[in-house]
Participant: 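Have a look at this one before I ask anything.
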Amino acid sequence: MDIANLVQATAGREQGKYFFILETEGEYLLLADGKRRKAARPKRKKLRHIQLLAPCPQEFDHPALEKLRQTGSATDPELRRALAAFKGR
């Protein structure tokens with residue numbers, strides 16, 4: 001799993017919600033969507049409780065995700081716009 005990949009939660013109260021990977025910590029991922037889960041306080045979720053949706057940049061790319069890959073950070077509005085672009089395609 002790489003930073004800025006798009007995932008969907010498959011377990012827990014956020015089941016079915018979409019997130020972007022901000023960081024990896026062993027078997028855990030730090031996830032944010034910019035609305036319910038802000039980048040400042042990402043959701044910590046196990047790998048087995050998520051499904052990878054867009055594994056490579058060619059499938060879904062957005063300027064906010066490129067910024068996240070390069071700098072390691074993105075703002076909440078940027079994450080929301082990228083998620084809206086994914087849902088609208």
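Index from 1, following the sequence.
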Participant: With a 4.0 Å cut-off on N to O distance, would you call R48 and E27 a salt bridge?
Facilitator: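 Salt bridge flag = no for E27 with R48.
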Participant: Test of understanding: clusters of I, L, V, M, F, W, Y form through side-chain heavy atoms closer than 4.5 Å, transitively. Do Y28 and L22 belong to the same one?
Facilitator: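 In one cluster with Y28: L22, no.
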Participant: Is there a donor-acceptor pair closer than 3.5 Å between any side-chain N or O of K67 and the backbone N or O of E78?
Facilitator: no
Participant: Hey, what do you get for CD (E23) to CD1 (I3), rounding to the nearest 0.5 Å?
Facilitator: 6.5 Å
Participant: Consider side-chain contact (heavy atoms from CB on, under 4.5 Å). Of R80, K87, R81, which one does L83 pass it with?
Facilitator: K87
Participant: Would you give the length of the straight line joining atom CG of L6 to atom CZ of F19, rounded to the nearest 0.5 angstrom?
Facilitator: 10.5 Å
Participant: Is a side-chain N or O of T24 found less than 3.5 angstrom from the main chain of L29, in a donor-acceptor match?
Facilitator: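 Answer holds: no.
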Participant: Quick check: closest heavy atoms across A39 and D76, and the distance to 0.1 Å?
Facilitator: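 Taking A39 first and D76 second, the nearest heavy atoms are N-OD1, 2.8 Å.
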Participant: For K45 versus H49, what's the shortest heavy-atom pair and its separation?
Facilitator: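 Shortest heavy-atom contact: CE-O, 3.8 Å.
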Participant: Working to the nearest 0.5 Å, report the span between CG of L31 and CG of L79.
Facilitator: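 Rounded to the nearest 0.5 Å, the CG-CG separation comes out at 11.0 Å.
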Participant: Do other residues, nucleotides or ligands put more than 12 heavy atoms under 6.0 Å from K35 NZ?
Facilitator: no
Participant: Is there a continuous path of hydrophobic side-chain contacts, each under 4.5 Å between heavy atoms, that joins L30 to L68?
Facilitator: no
Participant: Sort out for me which residue in Q8, K43, R36 forms a side-chain contact (heavy atoms from CB on, under 4.5 Å) with K17.
Facilitator: R36
Participant: What closest approach, in Å, do H62 and A85 show between heavy atoms, and which atom pair accounts for it?
Facilitator: CD2-CB, 3.8 Å
Participant: Distance from I50 atom CD1 to I21 atom CD1, nearest 0.5 Å?
Facilitator: 5.5 Å
Participant: Indicate yes or no: does R69 engage E66 in a salt bridge with an N to O separation below 4.0 Å.
Facilitator: yes
